[in-house]
Amino acid sequence: MAIVGKDILRAKEFLDISEVIAIPTETVYGLAGNCLDTKAITRIFEAKQRPYFDPLIAHFSSISQVKKFVREFPESAEKLAKKFWPGPLTLILKKKDIIPDLVTSGLDTVAVRVPNHPLTLKLLKTVKYPLAAPSANPFGYVSPTEAFHVQAQLGEQIDYILDGGSCQVGIESTIISFNNRDIVINRLGGVSLEEVEKVVGKVKINAFSNSKPMAPGMLSNHYAPLTKIVIGDIEKLAKENEGMNYGILSFQKMYIKGDSRQYVLSEDGDVNEAAANLFSALRKLDNLELDVIIAELVPEYGLGRAINDRLTRAAAKRD
Ligand code: AMP
Ligand code: MG
């Protein structure tokens, strides 16, 4: 079992000796290690059983710290960083040699972000080096949004979980890359498409790929619970699955009164609230030993797009 606490200095002690710990962010909990230390980076990949070809996101305390580690900071990247950092936005920028190739899976770019969580920002200022941190879950599974989610899955492999409460955004960061004049969203996430376009104008979306993904985070069947999940019209799916032990994940409506195998993401129909509840609800349903989870998509605006992206991936067929 890992120790769970709020002690920044204790967290620093582990990080300073190449250990990995869990850290809270506004998106999901991360599995963090010293980004400049290949021993720590190797431990991250091992604990998560993450393939080495899936690059990590580096976390920094400020935009000026990021600038010390990248070769270029395009004007549009600067605009986005100024608007959304600290916050759920990751930028793919050309890296300097000081960032180990292990972090970036050999790419000459690095994914960078300033997370918006008071404890983790304080930790980042205390340690002085950036922290490489993928989501703190076994590779391919639903991301953790509570300290106990991390404890349940990685508690045996790490020593410390910095407990920052429930993740406020609850869904991973939006990832953006810059290709000559094109601005491309590689993953829909905590900053919505509409918000991004307000700052930099029209962008391309290249976030969902079955073949040749840039990285496994873009695989169609990533972010999946163990229980089979099907998406569609809930009442129709309920009829089709009659006799099965099914659970329901709905946006706003309670379909069967008093049934504990049912989670509503937001009674008020608020996509932000739905995002914050999504992974917790999926985990709870996954723990009920159901035959199948029946889910519906949410409205396709704001964070609704990112929710639908995760639900669609969770439902994608696995071999
Ligand atoms: P996470 O598991 O939430 O930390 O997500 C990390 C994801 O960031 C990876 O799966 C990639 O999709 C993306 N990523 C990280 N670094 C790069 C990079 N240099 N170029 C493109 N995508 C990247
Ligand atoms: Mg992940």
Side-chain angles (χ1 to χ4, degrees), residues 20 22-33 35 41 44-45 47-60 66 69-72 74 77 87-97 99-115 120 130-145 149-150 153-154 167 169-179 182-191 204-210 212-225 275 278-279 282-283 306 309-310 313-314:
V20 299
I23 57 165
T25 80
E26 80 283 26
T27 60
V28 301
Y29 274 75
L31 188 63
C35 185
I41 303 305
I44 293 174
F45 280 100
K48 266 194 75 112
Q49 294 185 304
R50 182 176 174 115
Y52 282 98
F53 54 80
D54 189 6
L56 307 179
I57 296 175
H59 294 71
F60 298 81
V66 173
F69 294 86
V70 299
R71 281 190 281 128
E72 285 169 21
L89 175 76
T90 296
L91 302 175
I92 308 289
L93 302 175
K94 295 236 161 67
K95 81 176 186 78
K96 284 190 182 161
D97 289 344
I99 302 276
D101 287 339
L102 203 52
V103 172
T104 65
S105 305
L107 296 169
D108 72 343
T109 51
V110 59
V112 296
R113 162 167 126 80
V114 179
T120 290
L131 291 175
S135 51
N137 54 277
F139 181 70
Y141 192 72
V142 179
S143 297
T145 54
H149 293 162
V150 183
Q153 291 188 307
L154 296 179
C167 299
V169 176
I171 208 156
E172 298 86 350
S173 58
T174 298
I175 301 181
I176 297 189
S177 60
F178 305 87
N179 217 334
D182 288 341
I183 301 169
V184 183
I185 294 193
N186 293 345
R187 175 173 76 186
L188 293 159
V191 175
K204 295 188 172 172
I205 301 184
N206 179 26
F208 200 173
S209 167
N210 270 316
K212 284 214 188 153
M214 267 170 77
M218 296 171 72
L219 279 174
S220 59
N221 61 0
H222 212 68
Y223 310 104
L278 176 67
F279 290 149
L282 275 174
R283 277 175 185 259
D309 169 86
R310 302 303 186 275
R313 286 171 207 250

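We count ligands from 1, going down the list as the structure has it; atoms in each ligand are counted the same way.
- When the heavy atoms of P134, S143, A132 are ranked by distance to atom 4 (O) of ligand 1, first place goes to P134.
- When N186, I185, L188 are each tested for a side-chain contact (heavy atoms from CB on, under 4.5 Å) with T174, only one passes: I185.
- Metal site remark for the Mg ion (ligand 2): S143 contributes no N, O or S atom at a distance under 2.8 Å.
- In terms of polar-atom proximity, T104 is not counted as a contact of ligand 1, lacking any N or O under 3.5 Å from an N or O of the ligand.
- Those atoms of ligand 1 with a heavy atom of T109 less than 4.0 angstrom away are 18 (C), 19 (N), 20 (N).
- For ligand 1 and I175, the ligand atoms under 4.0 Å from any heavy atom of the residue are 7 (C), 8 (O), 13 (C).
- Not counting sequence neighbours, the partners of K204 by the salt bridge (Lys or Arg N to Asp or Glu O under 4.0 Å) test are D182.
- S143 and E172 share a donor-acceptor pair across their side chains, judged by distance under 3.5 Å alone.
- For atom 18 (C) of ligand 1, the nearest non-hydrogen atom from the set L107, I57, D54, T90 belongs to L107.
- The P55 neighbourhood of ligand 1 comprises atoms 6 (C), 9 (C), 14 (N), 15 (C), 16 (N), 17 (C), 23 (C), with distances under 4.0 Å to a heavy atom of that residue.
- Taking the ring pair (Phe, Tyr, Trp, His ring centres under 6.0 Å) definition, one finds that F178 meets it with nothing, sequence neighbours left out.
- Around atom 2 (O) of ligand 1, the closest heavy atom drawn from R50, E172, K94 belongs to R50.
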Please evaluate residues T25 and R113 with respect to the criterion side chain to side chain donor-acceptor pair (under 3.5 Å), reporting the C-alpha separation (whole Å), side-chain torsions for both, the decisive distance (0.1 Å), and the verdict. CA-CA 11 Å; T25 80; R113 162 167 126 80; 3.2 Å; yes
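- At least one side-chain heavy atom of R283 sits less than 4.5 Å from a side-chain heavy atom of N137.
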